[in-house]
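In what follows, a structure is listed as C-alpha cells, so that the remarks can point back to it.
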Amino acid sequence: MSQILKEHLNKFILCSDNEFDNIQKFFSIRTFSKKENLLEEGQICRYHYFVTKGLIRKFFINEKGMEQTTEFAIETWWLTDNIAYEHRLPTSFYIQAVEKSEVFCISQENQQKLVEEFPIMERYFRFVYQRAYAASQMRVRYLFSLSKEEFYHQLLRTQPEFVQRVPQYLIASFLGFTPEYLSEIRKKSVS
C-alpha cells in the first residue's frame, strides 16, 4: 500500500526513500468493508482519505430522502468533505466504501505538521486540490450544459472502466437521476 502512495507522490514531487519513510508516519492506514461508512453526517470531519485499494464515495441525503452521490475516489484519488475537514466542522455528507477499500488517512493536524516538516508536501497538496477543483468544475459544467443522457454518454466515453466498475444505481445517483432512467438510457444505447 505504501508503494502506491510513494509512486503517487513522485508524480508531483521528488522525495527520497528516507523522506518517504518519515512522510508516511503522518498517515494511518485503515481498511473498510463494502458499504461501511468512513464518515457520517453530523460527525466532525477529521480525515482526508487517499485510496490505495478499492472505491469510496461521498454523498448526502436530499430533501426526498434519497442518496445523492457527489464524488467517487478510486485508487490514487483523495476524498474528504473539504470545508468540514479544513475547519473541523460537522459534515453534512457521508463517505462510504463502495468496495472493500484500503485507505491512508491523514488528520488536519497531521497534514499541517507534515507540510511544516516537509515543505515540498505543500506543493503536492496544491496539485491534489487543483485537480479536485478542476474535476468539480467539469462536473458542474456537464450538469448545466448537457442533457442527462448526454452526461451519461460523456462519462461513458471519458471513464469507461469506471462506469463498468461502479454499480449502476450509484452512477445514476451521481448523474442525478433514477436507476430506472439510467436503465432506459442504456437500453436505447444498445438498440
Side-chain angles (χ1 to χ4, degrees), residues 1-61 68-141 159 162 165-166 174:
M1 278 180 25
S2 60
Q3 187 62 29
I4 294 170
L5 178 60
K6 184 170 193 255
E7 288 172 5
H8 193 263
L9 289 175
N10 284 331
K11 288 181 182 178
F12 303 97
I13 62 172
L14 296 174
C15 67
S16 68
D17 289 343
N18 187 47
E19 286 173 320
F20 179 73
D21 289 341
N22 289 313
I23 287 169
Q24 72 177 346
K25 292 176 184 174
F26 290 89
F27 293 84
S28 59
I29 301 170
R30 300 227 10 231
T31 300
F32 295 93
S33 302
K34 182 179 180 176
K35 295 199 175 187
E36 183 178 354
N37 289 331
L38 291 68
L39 180 67
E40 295 183 9
E41 180 182 12
Q43 292 179 332
I44 301 294
C45 183
R46 300 189 190 288
Y47 297 102
H48 200 174
Y49 303 100
F50 177 81
V51 180
T52 57
K53 183 179 178 188
L55 168 65
I56 61 177
R57 71 177 177 128
K58 182 167 72 175
F59 68 95
F60 65 93
I61 308 294
Q68 181 67 58
T69 302
T70 60
E71 292 179 69
F72 291 98
I74 58 174
E75 291 83 4
T76 73
W77 292 8
W78 287 89
L79 188 64
T80 194
D81 174 352
N82 288 300
I83 293 171
Y85 175 73
E86 293 297 327
H87 300 286
R88 298 179 182 108
L89 298 171
T91 183
S92 55
F93 292 95
Y94 292 81
I95 296 180
Q96 182 182 72
V98 176
E99 306 170 350
K100 181 178 179 183
S101 299
E102 296 172 350
V103 298
F104 273 84
C105 310
I106 190 164
S107 68
Q108 209 270 341
E109 296 81 12
N110 276 354
Q111 186 172 331
Q112 189 61 42
K113 290 176 189 173
L114 174 62
V115 297
E116 288 170 6
E117 190 169 328
F118 296 93
I120 192 71
M121 290 299 291
E122 187 97 43
R123 176 184 162 101
Y124 170 74
F125 282 112
R126 181 172 46 84
F127 282 120
V128 167
Y129 284 115
Q130 285 174 337
R131 286 179 162 212
Y133 184 67
S136 178
Q137 284 182 307
M138 288 308 295
R139 181 163 189 257
V140 169
R141 179 173 178 243
Q159 302 286 332
F162 180 76
R165 182 174 177 182
V166 176
F174 177 69

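Note that the structure is predicted; figures quoted are calculated from it, not measured.
Between the CD1 atom in Ile83 and the CZ atom in Arg88 there is a gap of 15.5 Å [rounded to 0.5 Å].
Proximity of Cys45 to Leu89: side-chain heavy atoms (C-beta onward) are nowhere separated by under 4.5 Å. Within the 4.5 Å cutoff, the side chain of Arg165 has no heavy atoms near those of the Phe162 side chain. Put simply, the side chain of Glu75 does not reach to within 4.5 Å of the side chain of Ile4, judged on heavy atoms. In this structure the side chain of Val140 never reaches within 4.5 angstrom of the side chain of Gln137, judged on heavy atoms.
The backbone N or O of Thr80 lies less than 3.5 Å from a partner atom in the side chain of Lys58, making a donor-acceptor pair. Side-chain atoms of Tyr85 come within 3.5 Å of backbone N or O of Ser107 as a donor-acceptor pair. Side chain of Gln43 to main chain of Glu40: a donor-acceptor pair is present (N/O by atom type, distance under 3.5 Å, no hydrogens or angles). No donor-acceptor distance shorter than 3.5 angstrom exists from the side chain of Ser101 to the backbone of Phe32, with no hydrogens or angles considered. Judged by distance alone, with hydrogens and angles left aside, the side-chain atoms of Thr31 form no donor-acceptor pair with the main-chain N or O of Glu102 at under 3.5 Å. A donor-acceptor pair is defined here as one N or O able to donate and one able to accept, closer than 3.5 Å; such a pair exists between the side chain of Ser16 and the backbone of Glu19.
In summary, the aromatic rings of Phe27 and Phe50 are positioned with their centroids too far apart to meet the 6.0 Å limit. Centroid-to-centroid, the aromatic rings of His48 and Tyr129 come within less than 6.0 Å.
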Give the C-alpha distance, both sets of side-chain angles, the deciding distance and a yes or no for ring pair (Phe, Tyr, Trp, His ring centres under 6.0 Å) between Trp77 and Phe72. CA-CA 9 Å; Trp77 292 8; Phe72 291 98; 8.7 Å; no
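Val51 and Gly54 make their closest contact through CG1-O, 3.6 Å (heavy atoms, listed as atom of the first residue, atom of the second, distance).
No side-chain N or O of Gln112 forms a donor-acceptor pair with one of Gln108 less than 3.5 Å apart.
Trp78 pairs in a ring pair (Phe, Tyr, Trp, His ring centres under 6.0 Å) with only one of the listed residues (Phe125, Phe127, Tyr49, Phe104), which is Phe125.
Residue Phe93 places its CZ atom among more than 12 non-hydrogen atoms of other residues, nucleotides or ligands, all under 6.0 Å distant.
A cation-pi arrangement is present between Arg139 and Phe174 under the rule of less than 6.0 angstrom and at most 45 degrees off the ring axis.
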